[in-house]
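A, B, ... follow the sequence lines: proteins, then strands. Residue 1 opens every chain. Here the structure is a predicted model, which means the values were calculated and not measured. Side chains included, hydrogens not; waters and symmetry mates left out as well; all remaining heavy atoms used.
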2 protein chains.
Amino acid sequence: MRTPHGVSLTYGLLETLGQSIVSGAYDGRGFPTEAELCTQFSASRTVAREAVKMLTAKGLLSARPRQGTKVEPVSRWNLLDPDVTRWLMERPFSNTIYREFTEVRLAIEPVAASLAATRANRKDIQAIRDGLNGMRDNASEHEQALQADIEFHVAILRASGNPFFWQLRELINTALRISISITNKVAGHTASIPAHEAVLLAIEAGDAEGAQLAMQAILRESLDLIGTYQPELA
Amino acid sequence: MRTPHGVSLTYGLLETLGQSIVSGAYDGRGFPTEAELCTQFSASRTVAREAVKMLTAKGLLSARPRQGTKVEPVSRWNLLDPDVTRWLMERPFSNTIYREFTEVRLAIEPVAASLAATRANRKDIQAIRDGLNGMRDNASEHEQALQADIEFHVAILRASGNPFFWQLRELINTALRISISITNKVAGHTASIPAHEAVLLAIEAGDAEGAQLAMQAILRESLDLIGTYQPELA
DNA sequence: TACACAAAATTATAAGATAAATCAGGGCCA
DNA sequence: TGGCCCTGATTTATCTTATAATTTTGTGTA
């Protein structure tokens, strides 16, 4: 689950309900009443109540006396909440959500790279380099290469020195895992080492503009791939 | 407060505690125990518990038996949560936070503008235009001009068609309100109408690249202003 | 028709009891 | 001495039962 120290009833119910809501399980019908939650999940009122309150805090639900609890429209969800992005990923794959994820990355990561070029210290750069090396050394081991890829991108977010960017690490994590599952299907395609290396070199050189462009190139390619994988209907 | 339908004890306590935590009120000392919260705020355990659970959902707190409840390090806060950004704004002003806000805008808004250039429909464009006109017509009325400025930027987020961008409206709102209070102090400086018009024109023309650059120009100027206002120490 | 009022349903709040987790200390054994 | 286990204490977690507050819906009356 997600708690730092094992699972609890409340956090378990939070996960279950969060996933269900995000998957649209309550779209037509109304959300269960407090009493119904208790019987359906054989939980106490406290547990049901606190799970609902946490989902409310994440913008997924709202409750008022007599009217009951209802699922909020997507426009009110805290989409950038780490839990919410995870639930979004865990539901059946959708091209649309992946494109939207990648558009966010296309906005954030190039700017993060350019800031990193100005601000990164020795340790930050080493972390980025470790990610790149991990991608190189494990090119054949998919899971490890993916892990290194994630480390590379997250290290740049951290090197930007802006905690808001660092905040998006969970989304990057999510998006990259989806990305890999697609690019593998497309053409045995793997993350381009040279493109990633270009980002690192620009950051080391303090070349903000170059780092931004190099990162843009990586993400534009990602965005193109999704188009070729399965044309959007929308 | 923040509830859709009036205030409640739980939401009131949520606000109070959220603001206190963000302001660093519990930085040295430990967070009050459940029982202490009840007595300090004369609330029932249910209320205290649910407020704490909501703050936990926003990443500000964590709780475990015997150890008590503690404030999480900033790196775990859900900084992009609308409530959290609002609390951040409401605390005494900090140059750092404003710069960080603006860096996020510098990442998001130009890309949003470029997407809007491709996707915006008639209604979206009208909303953007309304914002621009509002800025023009109310140039002397500060509050109304600010409101129009916000509408302009938020309309572009919506026109991007990406709900994740739209999600950042609260942060934009917050950042712009801070921005105005600074730019007014600097030199009677007001938001540049021509710069905003350039964005609109590019979007209408379907010029993604141009829209991106025009929006970048607006935000780079904002970022420069903060530097001139009061040099960062850090 | 319009207004006031009563009834019902559901969340909000309160309060007490028990369970679970974990930290600190002490005692026991090698 | 050093390590291990047990016990106790503390704090959150969970369960339970009441009561209050809110708001919709209907109902009756002028």
Would you kindly say whether B:Asn162 and A:Glu103 are connected by a side-chain donor-acceptor distance under 3.5 Å? yes
Distance check: side-chain N/O of B:Thr69 vs OP1/OP2 of D:dT12, anything under 4.0 Å? yes
Taking all non-hydrogen atoms of both residues, which atom of B:Ala148 and which atom of B:Gly134 are closest, and how far apart? CB-C, 3.4 Å
Heavy atoms of A:Ala112 and A:Leu157 approach each other most closely as CB-CD2, 4.0 Å
What residues form a salt bridge (Lys or Arg N to Asp or Glu O under 4.0 Å) with A:Lys58, not counting sequence neighbours? A:Asp81, A:Asp83
Below 4.0 angstrom, which residues in residues 36-53 of chain B have at least one non-hydrogen atom near DNA chain D? B:Arg45, B:Arg49, B:Lys53
Based on the rotation axes of five pairs at each end, what angle does the helix from C:dT1-D:dA30 to C:dA30-D:dT1 bend through, to 10°? 10°
Output a table of nitrogen or oxygen pairs between the protein and nucleotides 6-10 of chain D separated by less than 3.5 Å.
from, atom 1, to, atom 2, distance (Å)
D:dT10, O4', B:Arg66, NH1, 3.0

Can you list, in residue-number order, the parts of residues 26-34 of chain A that come under 4.0 Å of DNA chain C, counting heavy atoms only? A:Thr33, A:Glu34
Any carboxylate oxygen within less than 4.0 angstrom of a Lys/Arg side-chain nitrogen, looking at B:Arg86 and B:Glu15? yes
Given atom CD of B:Gln67 and atom C1' of C:dA20, what is their separation to the nearest angstrom? 15 Å
Side-chain donor-acceptor contacts of residues 24-35 of chain A below 3.5 Å, not counting sequence neighbours, with atom names and distances?
from, atom 1, to, atom 2, distance (Å)
A:Arg29, NE, A:Ala25, O, 3.4
A:Arg29, NH2, A:Ala25, O, 3.1
A:Glu34, OE1, A:Arg49, NE, 2.9
A:Glu34, OE2, A:Arg45, NE, 2.3
A:Glu34, OE2, A:Arg45, NH2, 2.7

Nearest-Å distance for atom pair CZ/P, residues B:Arg64 and D:dT12: 13 Å
Salt bridge between B:Glu170 and B:Arg177, side-chain N to carboxylate O under 4.0 Å? no
